[in-house]
Amino acid sequence: MEKYQPKEIEKKWQERWESAGLYKDYSRAKKFYALDMFPYPSGAGLHVGHPKGYIATDVFSRFKMLQGYSVLHPMGWDAFGLPAENYAIKNKVHPSVATEKNIATFKKQLEAFGFTYDWDREINTTDPVYYKWTQWIFLKMFEKGLAYESNEPVNWCPSCKTVLSNEDLEGGLCERCGTQVVQKRLRQWVLRMTDYADRLLADLDSPEINWEESIKEQQRNWIGKSQGAQFKMSVVINGGSTSIMEVEPPTLAEGNYIEVYTTRLDTVFGMTYAVVAPEHKVIEQLKAQISNYDEVEKYVIASQNKTILERTELQKEKTGVKLEGVEVVNPFNNESVPLFVADYVLGGYGTGAVMAVPAHDERDFEFAKKYDLPIRIVIVKSMGSTAIDTSALPEDEYIAYRINEIQEMLDNKEAFADYGNIVNSTSEYNRLTSQQAREKMTAWLEENKLGQKKINFKMRDWIFSRQRYWGEPIPIVHCEKCGAVGVPEEQLPVRLPEVEKYEPTGTGESPLANIADWVNTTCPKCGGPAKRETNTMPQWAGSSWYYLRYIDPKNEKFLIDQQLEKDWMPVDLYVGGAEHATRHLLYARFWHKFLFDIGVVTTIEPFKKLMHVGLILAEDGRKMSKRWNNVINPDEVIGQFGADSMRLYEMFMGPFSQSISWNTNGVVGMRKFLEKVWKLSAQINTEEGRINTETQNNKKIQTLLHKTIKKVTEDIENFRFNTALSQLMILVNAMEKEYAKSATTKAHMRKEDYEKLLLILSPFAPHLAEELWQKLGNENSIFLQTWPVADEKYLKDEEIEMVVQVNGKVRERLLVAIDVTEDEVKETALENEKVKIFTDGKEIKKIIFVPEKLINIVVN
RNA sequence: GCCCAGGUGGUGGAAUUGGUAUACACGCCAGUCUUAGGAACUGGUAGAGCAAUCUGUGGAGGUUCGAGUCCUCUCCUGGGCACCA
């Protein structure tokens with residue numbers, strides 16, 4: 001028999017499958033759309049970690065194909081981005097040149113795995129034919145008022161010389177280069193993602209989404225919905241007595257009040273001061289009334305110059321300045337309290353102003369301690385266990401006892417932030433629970449038109465412009481007369497022009513600003529002189545809708561044909577890294593919902609099932625990186641062991657979503673396994689009359705085979721590839737033992753059994769399975785066959801091992817018929833010598849019988 | 001600090017509903033073959049003990065005839081968020 005030569009057969013089948021168009025039958029009744037997160041084609045090429053997700057998707061695609069589905073399984077390139085641009089700056093070559101080269105490398109590497117990609121559908125986000133539609137979507141958002149210009153302070157990376165979105169930050173550092181980001185006031189294009197916050201949150205729980213809980217939870221946290229109340233507090237000058245209760249709400253002019261947001265209105269009677277953020281406009285409005293304005297202004301300027309990191313660093317002490325000469329009035333008790341400016345309050349969240357309750361908020365407590373401000377306890381722990389018996393105490397003593405407990409906490413430098421029962425407020429609220437008080441207080445605010453319920457989100461609008469070269473031009477023209485005007489649809493795409501220098505300017509303009517004949521244009525509205533927008537779109541623009549384009553990649557009239565969209569959407573399976581949980585996956589959901597609103601798509605969510613692929617770490621347990629010199633190249637692994645062995649290893653390593661270290665020895669094991677399958681084909685008995693011999697051994701193998709079919713089917717469905725493969729190994733080991741090793745039993749392997757084995761192995765090791773399949777004389781591809789279904793009649797063993805326990809400990813194992821009765825087992829077990837050792841002379845209290853599993857004899 | 005995953009042999013891991021802990025694979029040990037090569041073959045491999053047996057799923061309790069699995073507390077690791085009022 002020939003030896004197993006993966007190098008030869010893999011190349012052969014890849015070519016044949018491709019030329020036969022094996023993956024391009026889109027005419028079947030049932031559809032399945034399997035999608036990988038498309039890669040950024042970096043100069044370094046693939047390492048062994050990249051293909052893990054792709055292999056899983058491929059296994060799934062082949063499995064679905066065998067189950068009779070038309071499978072859409074495309075691949076493409078997310079090719080805009082900084083590395084190509086930085087390479088261009090360094091080497092003076094156009095980014096598209098390096099990108100093209102990298103794509104060729106990636107494609108060649110991917111092809112060695114034998115993936116079922118339909119390369120006719122390949123897309124590239126940097127192709128004008130593609131980004132025409134990225135620009136089109138932006139225009140639609142602009143038309144609907146969802147894309148707007150803003151001059152609010154934004155995150156600026158001084159090293160990359162561009163603004164960044166909140167999602168692009170990692171702990172206040174630039175996600176790409178690790179530089180500290182500063183706040184800068186720059187004109188920016190922003191997408192109103194917050195308009196979709198509620199739907200982005202709520203639809204995570206819709207049946208349209210079947211995602212892992214961890215990813216959903218990350219998105220929930222990122223969106224950060226909080227429910228509270230917002231209310232007004234009037235500002236009084238120089239200890240004046242004007243309270244908001246005496247001034248009719250309509251006469252409250254700017255500068256006469258501040259508005260605060262709180263989720264803990266129940267603690268409002270504990271307010272002993274209030275705080276505004278340094279950015280708050282009331283500071284400017286009260287300039288004349290603030291007697292220490294110089295000091296305040298100094299503080300404001302200093303905090304604006306801080307980096308995000310400096311401002312949010314936890315260990316850092318809180319700082320602030322009291323606004324002398326003004327106070328604010330708590331509407332609940334008409335008490336005026338001092339007002340501070342402090343940068344622990346964020347300008348961009350809520351109203352940029354808060355009521356401060358030091359007894360019941362950690363941050364306020366810290367600040368109050370430092371500035372020696374009064375601390376008033378207004379909630380106490382709910383009824384519950386205490387150190388002493390409080391049931392006999394009269395109520396006032398009980399409350400005094402509880403307040404004392406909180407006081408001890410405060411003395412120990414800790415605020416009491418939990419919910420509890422209200423005290424020290426007014427009689428309407430005292431003794432209510434926090435939740436009850438909050439509702440009653442909110443109702444009071446609404447009655448008196450002082451405030452209302454309010455929902456806030458942590459998520460910000462998406463800052464969408466970048467001051468870099470290698471991105472989609474934003475299709476906007478600025479006209480002095482008409483303002484920002486969208487480029488007419490028929491003029492799309494706005495092509496990225498050639499430039500001399502790719503360097504970012506650092507001025508807040510992109511390098512495109514230097515190309516006069518590109519920048520200067522005419523206004524599409526009035527025909528007058530106008531300038532093009534020179535900012536480009538962020539890295540994440542092209543990937544926010546690419547899954548739609550694969551469905552209809554060559555459509556020149558529209559981004560996707562309406563019927564094809566209905567046929568193929570949503571994506572049934574989406575596989576990629578968890579690092580995209582709050583960026584790509586959020587952006588894509590946002591765009592998809594917008595496209596739904598304007599009638600381009602018909603599903604509310606783009607990705608039905610999402611699986612996140614666990615990292616493959618280097619053998620040293622660190623991330624694979626050039627820096628550590630621990631990168632394993634898939635080409636070498638495939639060259640040494642073959643693509644099928646590599647595919648098997650990555651699926652066998654462990655649970656799919658888990659990070660696991662690479663171990664090349666593991667690939668050896670997979671190769672051994674495939675060799676076994678290969679050699680086993682020699683055991684097929686083809687002699688007339690002996691083919692269907694039903695020996696005892698064959699029956700055993702039948703049972704195992706059908707159990708394996710069942711398990712492999714279920715495991716693939718559930719992404720448990722590791723256990724599917726171990727079950728296949730168990731089957732192959734048993735077949736080898738039965739047919740190849742025990743010549744004396746005269747067992748004969750039936751061809752149909754072996755073919756079933758090949759079928760259920762084929763998604764994992766497609767080349768080997770196809771080769772063996774056709775060697776058996778089959779003419780059509782194995783992938784045009786039908787996935788076997790486990791036959792119930794073979795699933796039950798005739799004999800099973802029954803465990804005999806005494807007091808829960810295993811003492812003996814009995815081989816019994818599957819349908820043995822409880823009494824029969826009891827009898828056998830109690831007479832068993834080994835069991836007797838533990839039961840003799842003891843009273844049998846109870847016998848527990850679990851059919852097909854065990855019998856437990858309970859003695860005293 | 002908050003949220004989410006996890007902690008099982010020398011290693012990666014299995015045990016799907018409370019029912020035989022360590023399947024499958026790697027590594028290691030012993031042996032076979034000999035072209036002294038292994039990506040070949042055979043057997044062994046949780047720990048302690050001559051053995052019967054005992055002990056074992058991060059730790060401490062609990063529920064149960066029976067717990068890796070359920071409950072309470074606690075320690076550790078990985079990931080995410082982080083002054084969001």
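The model shown is predicted, which means the values in this text are computed figures rather than measured ones. Every chain is numbered from 1 and lettered A, B, ... according to where its sequence line falls, protein lines coming before strand lines.
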Which residue lies more 5' along RNA chain B, comparing A:Lys834 with A:Phe641 via nearest heavy atoms: A:Phe641
Side-chain heavy atoms of A:His612 within contact of A:Glu212, under 4.5 Å: yes
Per A:Phe652 side chain, nearest of listed nucleotides B:G13, B:G12, B:C4: B:G12
Side chains of A:Val345 and A:Phe340 in contact at under 4.5 Å (non-hydrogen atoms): no
Sugar-phosphate, base or nothing in reach of A:Leu854, heavy atoms under 4.0 Å: base
Protein-nucleotide distance (A:Arg438, atom CZ; B:A85, atom P), rounded to Å: 11 Å
A:Asn733 vs B:A23: side-chain N/O to OP1/OP2 distance below 4.0 Å: no
Where the chi angle of B:G37 falls, syn if within 90° of 0 and anti if not: syn
Among B:A25, B:A39, B:A85, the one nearest A:Arg671 by side-chain distance: B:A39
A:Glu217 CD to B:C81 C1', straight-line distance once rounded to whole Å: 11 Å
Minimum-distance nucleotide to A:Gln805 side chain [options: B:G19, B:A14, B:C81]: B:G19
Presence of A:Lys711 side-chain N/O under 4.0 Å of B:A15 phosphate oxygens OP1/OP2: no
Donor-acceptor pair present, A:Asn221 side chain and B:C81 base, under 3.5 Å: no
Phosphate-side-chain proximity, A:Asn665 and B:A25, N/O vs OP1/OP2 below 4.0 Å: no
Separation of B:A85 P from A:Asn330 CG (nearest whole Å): 19 Å
Close aromatic pair by centroid cut-off 6.0 Å: A:Phe721 and A:Phe652: no
Touch class at under 4.0 angstrom, heavy-atom based, for A:Ile848 against every strand present: base
Sugar-phosphate only, base, or nothing, as touched by A:Arg460 at under 4.0 Å among non-hydrogen atoms: nothing
B:G80 OP1/OP2 closer than 4.0 Å to side-chain N/O of A:Arg583: no
Sugar-phosphate only, base, or nothing, as touched by A:Glu801 at under 4.0 Å among non-hydrogen atoms: base
B:C75 versus B:A52 - spacing of their C1' atoms, nearest Å: 38 Å
Residue A:Arg720, side-chain heavy atoms: nucleotide from B:U16, B:C24, B:U53 that is nearest: B:U16
All side chain to side chain donor-acceptor pair (under 3.5 Å) counterparts of A:Arg460, not counting sequence neighbours: none
From B:C83, B:C81, B:G13, nucleotide with atom closest to A:Lys318 side chain: B:C83
A:Phe656 CZ - B:U16 P separation (whole Å): 22 Å
Proximal nucleotide (of B:A85, B:G12, B:C81) relative to the A:Gln658 side chain: B:G12
Gap between atoms CD and P, on A:Glu619 and B:G12 respectively (whole Å): 13 Å
Sugar-phosphate only, base, or nothing, as touched by A:Gly224 at under 4.0 Å among non-hydrogen atoms: nothing
Sugar-phosphate, base or nothing in reach of A:Lys845, heavy atoms under 4.0 Å: nothing
Short side-chain N/O contact to B:C26 OP1/OP2 from A:Lys672, under 4.0 Å: yes
Within residues 348-360 of chain A, residues whose heavy atoms come under 4.0 Å of RNA chain B: A:Tyr349, A:Val354
Sugar-phosphate, base or nothing in reach of A:Val668, heavy atoms under 4.0 Å: sugar-phosphate
Donor-acceptor pair between A:Ser434 and A:Asp266 side chains, under 3.5 angstrom: yes
Between CG on residue A:Leu617 and OG on residue A:Ser661, distance to nearest 0.5 Å: 5.0 Å
Student check: side-chain heavy atoms of A:Leu674 and A:Tyr4 closer than 4.5 Å: yes
Nearest-nucleotide pick for A:Met670, side chain only, options being B:G19, B:A25, B:A14: B:A25
Test item: side-chain donor near acceptor, A:Tyr261 and A:Ser226, under 3.5 Å: yes
Same-atom distance (C1') from B:G62 to B:U69, integer angstrom: 15 Å
Residue among A:Leu854, A:Ile848, A:Ile857 satisfying side chain to side chain contact (heavy atoms under 4.5 Å, CB included) with A:Gln805: A:Leu854
Option from A:Leu705, A:Val677, A:Val712 for which side chain to side chain contact (heavy atoms under 4.5 Å, CB included) with A:Leu731 holds: A:Leu705
Inter-nucleotide C1' distance (B:G18, B:C28), Å rounded: 35 Å
A:Arg583 vs A:Ser165 side-chain heavy atoms within contact, under 4.5 Å: no
A:Lys458 side-chain proximity, nearest of B:C26, B:C81, B:C83: B:C81
Nearest-angstrom distance, C1' atom, B:U42 to B:G38: 16 Å
Spacing between A:Ile837 atom CD1 and B:C54 atom P, to the nearest angstrom: 11 Å
Per A:Thr263 side chain, nearest of listed nucleotides B:A85, B:A14, B:C81: B:A85
Side-chain H-bond candidate by donor/acceptor type, A:Lys846 with A:Asn856, under 3.5 Å: no
Centroid-centroid under 6.0 Å between A:Phe367 and A:Phe365 rings: no
Touch class at under 4.0 angstrom, heavy-atom based, for A:Gln640 against every strand present: base
RNA chain B base-pair string [pairs: Watson-Crick or G-U under 3.5 Å; |: paired with another strand]: (((((((..(((......[....)))((((((.......))))))(((....)))..(((((..]....))))))))))))....
Residue A:Ile660, side-chain heavy atoms: nucleotide from B:C81, B:G12, B:G19 that is nearest: B:G12
Sugar-phosphate, base or nothing in reach of A:Lys853, heavy atoms under 4.0 Å: sugar-phosphate
Side-chain H-bond candidate by donor/acceptor type, A:Glu366 with A:Tyr344, under 3.5 Å: no
Sugar-phosphate only, base, or nothing, as touched by A:Arg220 at under 4.0 Å among non-hydrogen atoms: nothing
Anti/syn call for B:G66, syn if |chi| within 90°: anti
Which residue lies more 5' along RNA chain B, comparing A:Glu213 with A:Asn456 via nearest heavy atoms: A:Glu213
Nearest-angstrom distance from the residue atom NZ of A:Lys846 to P of B:G19: 17 Å
Length of the CG-P vector between A:Leu674 and B:A25, whole Å: 13 Å
Distance below 4.0 Å between A:Thr723 side-chain N/O and B:G13 OP1 or OP2: no
